[in-house]
Amino acid sequence: MSQFKRVGLLRRIPTDIFKMPSSTSPHPDERGVEPHPERPRNVTGDVDYAPHTEKSIPISPSRQAIKQKILNLYCGSASEEDMKVYAEKAIYDDPFSYCDTRYKIAGQWYGLPKLFSELESLGTEVTSSTEHELVWRQRHKYTFAGIHASKTVDSLVSLRLEGTEPNEKVVYHKDMWNEKDYSHEGLGAIMKKLNGDKLTYITKPPESV
């Protein structure tokens with residue numbers, strides 16, 4: 001296809017597909033609300049995210065509800081009701097994506113059922129519940145659609161919360177898969193941000209989230 005034909009095709013693409021909802025804007029202090037949880041270690045001193053459900057500390061009913069909504073999303077619920085757990089200017093940070101609004105976060109969760117035929121929580125262990133943070137270890141199984149291959153991942157989920165119980169909202173959701181905390185500089189950070197910004201064009205979450 002010639003360069004001129006490509007330009008012609010681009011001109012026919014509606015420009016509004018590149019727009020986010022008008023209410024979408026990033027958090028004004030992303031680094032200030034970022035949680036930096038203590039990484040749990042095993043008896044040999046190695047970082048260990050494997051959950052031990054019997055050691056999970058008790059949490060309040062409202063925080064249990066927050067945790068359950070997050071787990072629902074990990075299991076592919078992709079529902080507006082579960083998305084209400086996030087503040088409008090919430091941030092999501094994992095090995096592959098960095099999303100700086102609730103709408104962009106929805107783009108990630110609404111994409112899971114398209115990629116995976118089965119998503120299963122195999123166990124959690126709440127390790128910390130403080131004034132503004134909730135942290136747990138989790139084991140999650142991802143089964144890819146089509147090829148039916150599965151991958152089980154142990155990770156550390158840390159939530160920064162704002163507001164007061166029972167009306168707290170998640171303002172930062174970090175999912176760590178390895179020992180190193182995430183950097184927000186360099187090529188890797190750029191790729192994560194690009195993924196977070198653009199995935200909504202494919203997964204098309206409702207603007208009402």
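Count residues from 1 along the sequence.
No hydrogens or angles considered: nothing links the side chains of Gln138 and Thr124 as a donor-acceptor pair under 3.5 Å. Under the 3.5 Å distance criterion, with hydrogens and angles disregarded, a donor-acceptor pair is assigned to the side chains of Asp181 and His36. Checking Asp94 against Tyr92 by side-chain atom types alone, a donor-acceptor pair falls below 3.5 Å. No side-chain donor from either of Tyr172 and Glu133 sits under 3.5 Å from a side-chain acceptor of the other. With hydrogens and angles left out, the side-chain atoms of Glu165 and Ser60 include a donor and acceptor closer than 3.5 Å. Residues Glu80 and Ser208 have side chains that bring a donor and an acceptor to within less than 3.5 angstrom of each other.
In this pair, His173 and Tyr86 present their aromatic rings parallel. The plane angle is below 30°, not in the 30 to 60° band. Between Trp109 and Tyr74, the ring planes lie perpendicular to each other; the angle is over 60°, past the 30° to 60° tilted range.
Rounded to the nearest 0.5 angstrom, Ser129 OG and Leu161 CG are separated by 8.0 Å. For the atom pair Asp175 CG and His140 NE2, the distance stands at 9.5 Å (nearest 0.5 Å). Ile202 CD1 to Lys204 NZ: the interatomic distance, rounded to the nearest 0.5 Å, is 8.5 Å. The distance from the CG atom of Asp93 to the OG atom of Ser158 is 8.5 Å, given to the nearest 0.5 Å. Interatomic distance, Lys141 NZ to Thr143 OG1, rounded to the nearest 0.5 Å: 5.0 Å. Here CD of Glu81 is found 10.5 Å from CG of Leu73. Values are rounded to the nearest 0.5 Å.
A single hydrophobic cluster is not seen to contain both Ile91 and Ile70; linkage of ILVMFWY side chains at heavy-atom distances under 4.5 Å, directly or through other members, places them apart. There is a path of hydrophobic side-chain contacts, each under 4.5 Å, that joins Val153 to Phe116.
The shortest side-chain heavy-atom distance between Asn72 and Ser79 does not fall under the 4.5 Å cut-off. Contact of the Glu38 side chain with the Ser128 side chain is not registered, since no non-hydrogen atoms from C-beta on lie closer than 4.5 Å. Proximity of Leu71 to Trp136: side-chain heavy atoms (C-beta onward) are separated by under 4.5 Å at one or more points. Looking at Lys174 and Val157, their side chains never come closer than 4.5 Å, going by heavy atoms from C-beta outward. Looking only at side-chain heavy atoms (C-beta outward), Phe144 and Leu115 stay at 4.5 Å or farther from each other. The shortest side-chain heavy-atom distance between Tyr142 and Thr152 does not fall under the 4.5 Å cut-off. Taking the side chain as every heavy atom from C-beta outward, Glu168 and Arg63 approach each other to under 4.5 Å.
Among Met191, Lys104, Glu30, the single residue meeting the side-chain contact (heavy atoms from CB on, under 4.5 Å) criterion with Tyr98 is Glu30.
With respect to Asp48 and Arg39, no salt bridge is recorded, no charged nitrogen being found less than 4.0 Å from a carboxylate O. One finds no salt bridge joining Glu34 and Arg160 here, because no Lys/Arg side-chain nitrogen approaches an Asp/Glu carboxylate oxygen to under 4.0 Å. Under the 4.0 Å criterion applied to side-chain N and carboxylate O atoms, Glu88 and Lys169 are not assigned as salt-bridge partners.
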Output a table of donor-acceptor pairs, distance under 3.5 Å, between side-chain atoms of residues 49-58 and any protein atom two or more places apart or on a different chain; print 'none' if there are none.
| from | atom 1 | to | atom 2 | distance (Å) |
| --- | --- | --- | --- | --- |
| Tyr49 | OH | Asn178 | O | 3.0 |
| Ser56 | OG | Val126 | N | 2.9 |

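Between Gln108 and Gly196, the shortest heavy-atom contact is NE2-CA, 3.8 Å. Scanning both residues, Leu156 and Pro37, for their nearest heavy atoms gives CD2-CG, 3.8 Å. When all heavy atoms of Glu120 and Glu118 are compared, the closest pair comes out as OE1-OE2, 3.7 Å. Smallest separation of non-hydrogen atoms from Pro205 and Ala106: CB-CB, 3.7 Å. Shortest non-hydrogen contact noted between Thr101 and Pro26 is CG2-N, 4.0 Å.
For Lys67, there are no salt bridge (Lys or Arg N to Asp or Glu O under 4.0 Å) partners, not counting sequence neighbours.
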Apply the test side-chain contact (heavy atoms from CB on, under 4.5 Å) to residues Lys193 and Lys198: give CA-CA distance (whole Å), side-chain angles for both, the deciding distance (0.1 Å), then the verdict.
CA-CA 9 Å; Lys193 184 70 165 60; Lys198 303 303 182 185; over 6 Å; no
Applying ring pair (Phe, Tyr, Trp, His ring centres under 6.0 Å) to Tyr182 and Trp177, what does each step give before you reach the verdict?
CA-CA 10 Å; Tyr182 297 133; Trp177 290 25; 9.4 Å; no
Evaluation steps, side-chain contact (heavy atoms from CB on, under 4.5 Å), between Lys114 and Thr203:
CA-CA 8 Å; Lys114 300 178 187 296; Thr203 59; 4.3 Å; yes
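Each salt bridge (Lys or Arg N to Asp or Glu O under 4.0 Å) pair with one or both residues in residues 145-154, not counting sequence neighbours, appears once here: Arg139-Asp154.
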